[in-house]
Protein chains: 2
Amino acid sequence: MSSLRDVAERAQVAVSTVSAALNGTRPVAAGTKRRIEQAAAELGYRPNLLARGLQSKRTRILALLYPAPRSGFGLTEMQFATGAAEAARELGHHLLLSPENADPIEELRHLTGLGLVDGVLLMEVGLDDERAAFLAAAGVPFSMIGRTRDPGSIDYADIDFAATAGDAVAHVASLGHRSLALFNLSAGAYGDGYGPAIRAGEEFAAAARAAGIGYVDGHRPGSAEEGREAFERLMDAHPDVTALAVMDDHAAVGVIAAVAARGWRIPDDLTLMLVLSSARVAEMFHPRLTTLEPPGTELGRLGARMLVDRLSGDGPPQQRLVPCRLVAGDSSAAPPPKPRERRPA
Amino acid sequence: MSSLRDVAERAQVAVSTVSAALNGTRPVAAGTKRRIEQAAAELGYRPNLLARGLQSKRTRILALLYPAPRSGFGLTEMQFATGAAEAARELGHHLLLSPENADPIEELRHLTGLGLVDGVLLMEVGLDDERAAFLAAAGVPFSMIGRTRDPGSIDYADIDFAATAGDAVAHVASLGHRSLALFNLSAGAYGDGYGPAIRAGEEFAAAARAAGIGYVDGHRPGSAEEGREAFERLMDAHPDVTALAVMDDHAAVGVIAAVAARGWRIPDDLTLMLVLSSARVAEMFHPRLTTLEPPGTELGRLGARMLVDRLSGDGPPQQRLVPCRLVAGDSSAAPPPKPRERRPA
DNA sequence: TACGGTAGTCGAAACGTTTCGCACAACCTA
DNA sequence: TAGGTTGTGCGAAACGTTTCGACTACCGTA
């Protein structure tokens, strides 16, 4: 690989002049500049990132930190990563994939001590996230996909749960439903204090109240079997519920089975929608489910972009909320005209 | 951040001695070594990766190169990435996520010219992959997840399609089926020359022949609608087929609908299985589909490991084939005892 | 006693950049 | 004509490592 010195020799100038010409960091006479650029092109010169980073303390490398997935990552997490990587590249940066081990703080200390990364992008942020606290204390630039309970002036991109819940409620309300239930994420899959689970619960309740329709919460099925059971219990306690939003894919499978077991049909007897599931997943179901698709790629892109902004400038904190996109499937319809009854096959 | 010099001062030795002591690169007296280690610990010394890389020409950074996904990445691709990142970290390396832009070769030239990465891990390898050709010509160490038509002595980890097809055929044959069909990946989703599509086709044919059961190929549905049509045409042309393997998730949705439209049931009237789909996807279906789950994480890990091996040693090329895991669902059963007929609802 | 070998340590150079003070010429202004 | 201002380029230092030749002290041996 050719170095700055090779270019300098070929162009008959000093090394520092080449650096200045190529980076535009100080004025260089037009003729000289042209000679240098040509020499660089002829040699196929590429600046060495390590040398540059060593000197300038800026590597233009970002680290994407994510916990070992408790239950395997989904499409959304993949989108965070690819979105962030894309945006980073467009902005002339690189993205390092950093799985956490048992001790995330130690991991972080190590990672930032290496001098390798300029900033950190945090995924799967908890309401009280120790990583965020550590980074803030250590003065390491970072941004979050998701957010802590009190993000203060930390940059983040997160789902707009209020808007999302509003859209969901508006969707079923406009179809004529008067009562909606939510099956939240199970504690097992993500642990307690998982932001999306808590915020979604709160915002659905608020949106339903604002729209003046009934709202039932409390079930948190994490598997098909639990979904089936939860639906049975829901119908026992609240036979008037005609619309159901489910956050866990697998639970939805159970709900569909339970509906069928009663001799009911979707969407005629129940409007069923997924929350925070990608349309690709929703399409796997029969009927194709309506879903509120999380803006994974966009959140990833935003997270990376605001981190780069933070690194290169100061500016006010950027805090962005992006709503899920409602993708209508074949599982939404008007509520049944008269009370449903079990019609076992 | 403290540097080698700080440690040297504190331990009252020369910088070079500290380096030697900490890296074990040449003998250092036991007492001195202890003093140095203590000083390093007290200062919380971390070697600067950039400086080290600049000098030693080894950064311990690997790049994972992947094309912009044509149709959005799936779980398997996610597993490649997380598996590779995990293994890299365990081996003291880092993994850079590198999306390709329009011109992969230029991208590669740029990436390797930076001096930032020691080696490249290639994903989504085509049978005639220009990236592999370029890297080989450029002398850049790399390994592949997947493989070219003629991998020569290039390290790779790929799916063992022969074993996978064998397992699939054995599965249906043992249930009593005498005729199997395969719906391959659509050309649109992955382009022609996509290794898995071609190899799967060949190996299913070979396995069926070896087992002495009938085999039908040729359909390549890439959506639910195409899946439905393909199934209708299949039944028209080959009414004797009682087992079907589908490679595209969405096509399976259409097949299931078509089966239901005939008044048939799965698995009673048709044994349906997914090929190269994760169990998490198979569980979304009703009934839960049998699937041949690709070893995504393991392939990612293997790819990273063999690349690290290649970097640090010479050794013979490593070429590993890993079969898919057959996860039995509720969609496999013995073939129907008597010929099926349409029983429209 | 002199000599070669060895274990341990040091200092300097090198990796490829960026940055910064300084030099030099040409030009303008008073 | 003297002094200042610009425009342009140079050289050296610095970033934090690794590497390598050289030096010292000590030991055993001839």
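Just the heavy atoms: all of them, side chains too, but no hydrogens, waters or symmetry mates, feed the values below. Each chain gets a letter, A, B and so on, in the order the sequences are listed, and its residues count up from 1. It should be emphasised that the depicted structure is a prediction, and the values quoted were computed from it without experimental measurement.
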Given atom [atom1] of [X] and atom [atom2] of [N], what is their separation to the nearest angstrom?
X     : N      : atom1 : atom2 : result
B/N23 : D/dC20 : CG    : C1'   : 15 Å
B/R52 : D/dC15 : CZ    : C1'   : 16 Å
B/Q12 : C/dG11 : CD    : C1'   : 17 Å

- Message: Just checking A/F73 against A/Y66, ring centres under 6.0 Å apart?
- Response: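 Centroid separation for A/F73 and A/Y66: below 6.0 Å.
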The side chain of [X] is closest to which nucleotide in this list: [options]?
X     : options                : value
B/Q55 : D/dC15, D/dG16, C/dC10 : D/dG16
B/L4  : D/dT18, C/dG11, D/dG9  : D/dT18
B/S19 : C/dT19, C/dG16, D/dT19 : D/dT19
A/A29 : D/dT18, D/dG9, C/dG16  : D/dG9

Is any side-chain N or O of [X] closer than 4.0 Å to OP1 or OP2 of [N]?
X     : N      : result
B/N48 : D/dC15 : no
B/S16 : C/dC10 : no
A/T32 : D/dG9  : yes
A/K57 : D/dG16 : yes
A/T17 : D/dG9  : no

Between B/L50 and B/A20, which is nearer to the 5' end of DNA chain D once each is assigned its nearest nucleotide?
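Of the two residues, B/L50 wins.
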Checklist entry - Does the pair A/R131/A/E107 count as a salt bridge with the N-to-O cut at 4.0 Å? => result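 No, A/R131 and A/E107 are not salt-bridged.
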**Request:** Would you tell me whether B/Q318 and B/D309 have side-chain atoms, one donor and one acceptor, within less than 3.5 Å of each other?
**Result:**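 B/Q318 vs B/D309: donor-acceptor pair found between side chains.
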Practice problem: Ignoring hydrogens and angles, state whether a donor on the side chain of A/D129 or A/T148 is under 3.5 Å from an acceptor on the partner side chain. | Solution: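 Result is no, nothing qualifies.
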Reckon [X] touches a base, only the sugar-phosphate, or nothing at all at heavy-atom distances under 4.0 Å?
X     : result
A/R5  : nothing
A/S3  : sugar-phosphate
B/R58 : nothing

- Crowding at CZ, A/R320 (>12 non-hydrogen neighbours, <6.0 Å):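 Open.
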